[in-house]
Amino acid sequence: MALNPLNQRRWQNFKANKRGFFSLWLFIFLCIICLFAEFIANDKPIIINYENAYYFPTFNDYPETMFGGYFETSTDYRDPFIQEQIQENGWQIWPIIPFHYDTIIYDLSVPAPSPPSVNNWLGTDDEGRDVVARLIYGFRISLLFGLTLTIISTVIGIFFGAIQGYYGGKIDLLGQRFIEIWSGLPVLFLLIILSSIIQPNFWWLLGIMLLFSWMSLVDYIRAEFLKARNFEYVLAARALGQRNLVVMFKHIFPNTLVAAITLLPFILVSAIGTLTALDFLGFGLPPGSPSLGELVAQAKTNLQAPWLGLSAFFTLSIMLALLVFIGEAARDSFDAKK
């Protein structure tokens, strides 16, 4: 689909920001790796050919009797007996990293947490789980959580900011008083209290954080609508009989994109940082989930294993830095002065 001249100019401005453009492609590459994590880090083969039949353990659960075992339970593909049966009667293709995020490695040469080695590139944590596998899955959860929270909170924040700024008067006054009271609440403490009462999971945490994150954009969108609602093109649209919602989101909203896009990476970074903090404190995702915050907590507990802290630090630093660079380039591309 061809871009109109304005969007073509915006895309050229984005490409002109070399740091942001390179960050975008690197971020896309990391996202692809994480979205297909089951094919990169898993304790199940990607494909098995056994007695001239094909099996796909990543998508289906097979009993071990199907591969010459004796039990109807799910197959442990790392079992030496199952490995021998498959090799004698066919072949298999394993992921690059033959460990899932919850795979406990029992044949370590040293007690867990073990240092980096040929089999475990970044070592293992204190429960004997591969750090690289947990980083890949933890990166995906953090990214999906942050993007989902950012998108929903942005939509809500833009809507409430537009309503306040466009109508003004009592609606604006009551809205501001509500936001002042709601934003004055100690968010982190409330998140900890609610997380300790409710068994936390991905969607519960998303809903709890959404109660507070939507306010980040309201003030900026409200200010842009307050400024633009009396401009001549808005008055002309009203005079032509266009509905308020059409005037708000067709004529005024495009002029607020710079303010919105400028804040988006910071909302995303804040969401990922808050999830990491909750996981670090033990009030985030359920125990055992692949979490960057949980890896940071392990690094604090196991100071003799610096690879844990360094792995979490560099993963978070790279992720957040790329997001900020992409946000800066997108902000510049939408800047009318450029």
Side-chain angles (χ1 to χ4, degrees), residues 6-7 10 13-14 144-188 190-191 203 205-275 320 323-324 326-338:
L6 177 59
N7 288 329
R10 287 171 175 170
N13 288 338
F14 184 89
L144 293 178
F145 183 89
L147 286 175
T148 305
L149 181 64
T150 300
I151 292 171
I152 299 176
S153 60
T154 298
V155 172
I156 297 175
I158 288 175
F159 178 77
F160 278 99
I163 293 293
Q164 285 183 236
Y166 183 79
Y167 289 102
K170 292 183 179 180
I171 294 178
D172 184 33
L173 182 64
L174 292 175
Q176 284 300 102
R177 299 295 81 76
F178 172 77
I179 290 176
E180 288 174 2
I181 295 171
W182 196 247
S183 62
L185 298 176
V187 178
L188 186 59
L190 286 176
L191 289 172
W203 298 109
L205 285 174
L206 184 67
I208 293 171
M209 292 180 62
L210 186 60
L211 293 174
F212 304 97
S213 62
W214 62 271
M215 293 179 290
S216 303
L217 270 175
V218 171
D219 289 340
Y220 299 92
I221 301 300
R222 168 182 170 269
E224 293 292 331
F225 271 78
L226 278 173
K227 180 177 66 176
R229 66 176 182 166
N230 291 320
F231 284 174
E232 292 182 356
Y233 69 90
V234 176
L235 297 177
R238 287 177 180 172
L240 291 173
Q242 293 190 356
R243 292 179 301 172
N244 287 330
L245 286 177
V246 174
V247 176
M248 290 166 58
F249 294 103
K250 182 179 180 181
H251 298 288
I252 302 179
F253 174 68
N255 296 318
T256 68
L257 282 177
V258 175
I261 292 176
T262 301
L263 290 174
L264 282 183
F266 299 102
I267 298 174
L268 181 55
V269 167
S270 175
I272 295 174
T274 303
L275 177 64
L320 301 183
L323 290 172
V324 172
I326 295 170
E328 289 178 350
R331 177 199 61 195
D332 294 341
S333 66
F334 279 87
D335 191 348
K337 298 178 181 178
K338 296 185 178 182

Spacing of Leu147 atom CG and Ile272 atom CD1 [to the nearest 0.5 Å]: 7.0 Å
With side-chain contact (heavy atoms from CB on, under 4.5 Å) as the criterion, how do Gln176 and Asp219 come out once you've worked through the C-alpha distance, each side chain's angles and the decisive distance to 0.1 Å? CA-CA 9 Å; Gln176 284 300 102; Asp219 289 340; 3.8 Å; yes
Given Leu268, Leu149, Leu217, the one that forms side-chain contact (heavy atoms from CB on, under 4.5 Å) with Thr154: Leu217
What is the minimum heavy-atom distance between Phe14 and Ile326, and which atoms define it? CE1-O, 3.9 Å
Under a 3.5 Å distance rule, please check whether Thr148 uses its side chain to pair with a backbone N or O of Phe145 as donor and acceptor. no
With the side chain counted from C-beta on, respond yes when Asn244 and Tyr167 share a heavy-atom pair under 4.5 Å apart, and no when they do not. yes
Rounded to the nearest 0.5 Å, how far does CG of Leu323 lie from CD1 of Ile267? 12.5 Å
Any donor-acceptor N/O pair, Trp182 side chain to Leu211 backbone, under 3.5 Å: yes
Can you tell me if Arg243 has over 12 outside heavy atoms packed within less than 6.0 Å of its CZ? no
Minimum heavy-atom distance Ala237-Val247, with the two atoms named: CB-CG2, 4.0 Å
Does Phe160 reach the side chain of Ile179, with side-chain heavy atoms less than 4.5 Å apart? no
Is it the case that over 12 heavy atoms from other parts of the model lie below 6.0 angstrom from the CZ atom of Phe159? no
What do you reckon, is CD of Glu180 surrounded by more than 12 foreign heavy atoms closer than 6.0 Å? yes
Looking only at heavy atoms, what is the nearest atom pair of Gly327 and Pro265, with distance? CA-CG, 3.6 Å
Rounded to the nearest 0.5 Å, how far apart are CE of Met248 and CZ of Phe225? 5.5 Å
If you compare all heavy atoms of Leu226 against all heavy atoms of Gly165, which two are closest, and at what distance to 0.1 Å? CD2-O, 3.4 Å
I'd like to check Gln164 versus Ile221 (side-chain heavy atoms, cut-off strictly below 4.5 Å). Are they in contact? no
Main chain of Ala330, side chain of Ser333: is a donor-acceptor contact present, judged purely on distance under 3.5 Å? yes
How many angstroms lie between CG in Leu275 and OG in Ser270, if you round to the nearest 0.5 Å? 11.0 Å
Return the orientation label for the His251 and Tyr233 ring planes: parallel under 30°, perpendicular over 60°, tilted otherwise. tilted
Would you indicate whether the side-chain heavy atoms of Arg238 and Arg229 approach each other to under 4.5 Å? yes
